[in-house]
Amino acid sequence: MILHIITNASVLNEQGELEKKHIIIEGGTIHSIQDGNKEWSAAEVGADARITDAAGKLVTPGLIDMHVHLREPGYEHKETIESGSRSAAKGGFTTIACMPNTRPVTDNAETLRLIQDKAKEAGLVKVLPYAAITIRELGRELTDFEALKEAGAIGFTDDGVGVQNAQMMKDAMRKAASLGMPVIAHCEENSLVEKGCVAEGKFAERHGLVGIPNESEAIHVGRDILLAEATGVHYHVCHVSTEQSIRLIRQAKSIGIHVTAEVCPHHLLLSEEDIPGLDANWKMNPPLRSRRDVEACIEGLLDGTLDIIVTDHAPHTEEEKAKGMEMAPFGIVGFETAFPLLYTKFVETGLWDLSTLVQRMTVEPAKVFGLEQGRLEVGAPADLTMIDLNSEKVVDPEQFATKGRNTPFTGWKLKGWPVTTWMNGNIVWSE
């Protein structure tokens with residue numbers, strides 16, 4: 001039975017051009033994609049079918065975010081799996097991968113199943129949990145990789161902290177490789193970041209703050225690339241932010257090491273020069289770097305050194321962020337602004353084509369992590385996002401679906417807002 005038809009959708013073809021299509025959804029999958037010049041009528045498809053007229057709006061595969069923090073269990077005052085999932089759906093995301101730095105840490109099958117059950121209960125987006133590399137993310141003892149894979153973990157990471165011990169990381173990579181699983185690394189050399197809260201540079205000097213140098217990230221990237229070469233693991237670098245890291249990843253790819261990497265919108269858009277003052281809504285980890293690093297990130301994304309875009313959605317309470325640059329926790333929210341930010345600043349200005357942006361947020365994440373999502377084709381899951389490229393709104397954190405209000409983008413006027421999100425053919429969010 002045909003359940004849902006999206007008519008008059010603008011869809012990107014393989015050449016990156018927009019075509020008018022009707023998308024027919026049946027039983028949670030895409031049943032057919034038909035020429036948009038044919039008129040549909042309710043009589044043709046039966047009284048039960050739901051028809052959504054896209055009226056020329058862009059319809060893409062559901063956006064995929066492979067780096068998010070849902071905070072539950074343990075930090076439900078910041079976010080819950082339900083509130084985070086709703087925020088993701090509002091931002092056009094239908095698949096998200098959550099990091100294990102919860103309390104308790106996602107280092108056992110029981111906690112993993114709790115996350116899966118809560119996500120299923122919310123029923124808003126597909127939540128794919130990562131498991132920790134080490135018990136309690138303390139870097140001392142490996143978790144039970146086999147049991148965690150069996151329970152549904154999609155990869156192993158101690159995100160939030162870097163694995164400091166090289167032998168521990170090598171053992172983790174060897175174990176993950178034997179299971180055909182990726183290792184996802186937060187790259188940070190602790191001895192270089194102690195008490196740091198912003199990037200090492202002019203802003204830190206001006207305000208008398210301890211800076212975090214670029215090499216704190218790049219040293220771990222270089223080390224881990226060598227370990228990945230030795231073990232054959234799929235090594236994925238989290239939230240790349242420095243020119244040096246990009247240079248190392250580019251070289252590794254050129255000689256065939258299985259390394260992939262991600263970048264966040266804020267590292268493509270903002271540098272330390274943009275920080276207006278000591279507002280901790282501009283404090284994130286990695287920190288905002290130099291303009292040169294921003295340009296390197298943009299170049300790295302365009303040439304394929306950086307494979308995918310992620311948000312690193314990291315909600316905190318307003319009270320926590322009010323503690324100032326030195327004491328406030330790192331992180332900003334990202335789900336609801338990611339697409340309009342990048343569309344407005346890169347596609348509208350002609351720096352990127354629309355296809356580049358959509359690919360890096362759908363097709364490429366699915367490819368990197370071997371997911372069935374990320375495709376708008378017959379037989380694919382009916383995870384879809386409709387975006388009004390002409391809709392212009394101002395970023396207002398009070399309108400967010402996430403519990404977090406911590407964003408540096410308040411007041412930015414943006415175009416390209418998601419207006420409807422489908423997961424398995426069901427509308428999970430609509431403006």
Side-chain angles (χ1 to χ4, degrees), residues 65-67 159 162 184-189 192-193 196-205 211-226 228 235-275 282-312 330-332 334 338 341-347 349-353 355-357 359-361 364-365 368 408-409:
D65 190 346
M66 295 305 296
H67 188 140
D159 185 62
I184 296 90
H186 174 112
C187 292
E188 192 169 45
E189 171 52 55
L192 290 169
V193 303
C197 57
V198 294
E200 192 175 80
K202 290 175 184 173
F203 182 86
E205 287 170 21
I212 299 171
N214 280 23
E215 55 270 22
S216 64
E217 175 182 288
I219 282 170
H220 267 209
V221 172
R223 178 201 73 174
D224 290 352
I225 282 169
L226 294 172
Y235 168 61
H236 181 79
V237 190
C238 288
H239 42 50
V240 174
S241 68
T242 75
E243 179 192 22
Q244 293 90 331
S245 298
I246 292 162
R247 197 189 319 140
L248 290 164
I249 295 163
R250 187 177 286 123
Q251 182 189 30
K253 287 188 167 196
S254 75
I255 59 173
I257 299 171
H258 191 181
V259 54
T260 55
E262 65 190 36
V263 67
C264 304
H266 43 278
H267 292 126
L268 294 165
L269 289 164
L270 301 172
S271 75
E272 59 150 1
E273 296 168 25
D274 299 305
I275 306 175
W282 293 72
K283 180 182 179 182
M284 63 282 288
N285 192 12
L288 298 177
R289 310 273 189 187
S290 71
R291 193 71 227 164
R292 184 169 170 169
D293 292 305
V294 172
E295 295 303 327
C297 286
I298 295 168
E299 184 188 345
L301 186 77
L302 292 177
D303 72 14
T305 302
L306 305 177
D307 301 82
I308 66 175
I309 294 166
V310 301
T311 67
D312 195 8
F330 292 99
I332 63 171
L341 276 169
L342 297 170
Y343 178 77
T344 303
K345 298 302 174 181
F346 292 110
V347 180
T349 55
L351 295 171
W352 301 355
D353 56 38
S355 183
T356 296
L357 175 56
Q359 291 257 338
R360 292 297 196 278
M361 297 183 78
E364 293 302 326
V368 166
F409 299 112

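Quick note: residue numbers are just sequence positions, from 1.
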Asks: Between atom CG of Asp312 and atom CG of Asn285, what is the distance when rounded to the nearest 0.5 Å?
Replies: 8.5 Å

Asks: Can you check whether Cys264 reaches Thr311 side chain to side chain, under 4.5 Å on heavy atoms?
Replies: no

Asks: Pairing donors with acceptors under 3.5 angstrom, does anything connect the side chains of His220 and Glu188?
Replies: no

Asks: Will you find, in the side chains of Asp303 and Thr305, an N or O donor that is under 3.5 Å from an N or O acceptor?
Replies: yes

Asks: Check side chain to side chain donor-acceptor pair (under 3.5 Å) between Ser216 and all other residues, then give those that pass, not counting sequence neighbours.
Replies: none

Asks: For residues Val310 and Val263, determine if any side-chain heavy atom of one lies less than 4.5 Å from a side-chain heavy atom of the other.
Replies: no

Asks: Could you tell me which residues satisfy side chain to side chain donor-acceptor pair (under 3.5 Å) with Glu243, sequence neighbours excluded, listed by chain and number?
Replies: Arg292

Asks: Kindly compute the distance separating OG (Ser271) from CG (Asp293), expressed to the nearest 0.5 Å.
Replies: 9.0 Å

Asks: Below 4.5 Å, heavy atoms only, C-beta onward: do Val237 and Val259 meet side chain to side chain?
Replies: yes

Asks: If you look at every heavy atom in Ile225 and Leu248, which pair is closest and at what distance?
Replies: CD1-O, 3.5 Å

Asks: Within the distance-only criterion (no hydrogens, no angle test), does the side chain of Glu217 pair as donor or acceptor with the backbone N or O of Ser241 below 3.5 angstrom?
Replies: yes

Asks: Might you point out which heavy atoms bring Asp307 and Thr260 nearest each other, and give the distance in Å?
Replies: OD1-CA, 3.2 Å

Asks: So which of His267, His67, Arg360 actually passes side-chain hydrogen bond (donor to acceptor under 3.5 Å, both in side chains) with Glu262?
Replies: His67

Asks: What's the shortest heavy-atom distance between Ala228 and Tyr235, and which atoms?
Replies: CB-CB, 3.7 Å

Asks: Rounded to the nearest 0.5 Å, how far does CZ of Phe409 lie from CG of Leu341?
Replies: 5.0 Å

Asks: Treating Lys253 as the side-chain partner and Gly304 as the backbone partner, does any N or O pair qualify as donor plus acceptor under 3.5 Å?
Replies: yes

Asks: Evaluate the side-chain proximity of His266 to Pro408: yes if any heavy-atom separation is below 4.5 Å, no if none is.
Replies: no

Asks: Ignoring hydrogens, what is the shortest heavy-atom contact between Ile212 and Arg289? Give both atom names and the distance.
Replies: O-NH1, 3.3 Å

Asks: If you look at every heavy atom in Leu342 and Leu268, which pair is closest and at what distance?
Replies: CD2-CD1, 4.0 Å

Asks: I need the minimum non-hydrogen distance between Val368 and Ile308, along with the two atoms involved.
Replies: CG2-CG2, 4.1 Å

Asks: Hey, are the side chains of Leu288 and Trp282 touching, using non-hydrogen atoms and a 4.5 Å cut-off?
Replies: yes

Asks: Is any side-chain heavy atom of Leu306 closer than 4.5 Å to one of Ile246?
Replies: yes

Asks: Out of Val221, Leu192, Thr242, which one pairs with Glu215 under the side chain to side chain contact (heavy atoms under 4.5 Å, CB included) rule?
Replies: Leu192

Asks: Where does the angle between the aromatic ring planes of His186 and His239 fall among parallel (under 30°), tilted (30 to 60°) and perpendicular (over 60°)?
Replies: perpendicular

Asks: Could you grab the distance from atom CD1 of Ile275 to atom CZ of Phe203, nearest 0.5 Å is fine?
Replies: 4.5 Å

Asks: In Å and rounded to the nearest 0.5 Å, what is the CD1 to CG distance from Ile309 to Asp65?
Replies: 10.5 Å

Asks: Check whether any side-chain heavy atom of Leu269 sits under 4.5 Å from a side-chain heavy atom of Phe346, and report yes or no.
Replies: yes

Asks: Taking atom CG of Asp224 and atom OG of Ser245, what is their separation to the nearest 0.5 Å?
Replies: 10.5 Å

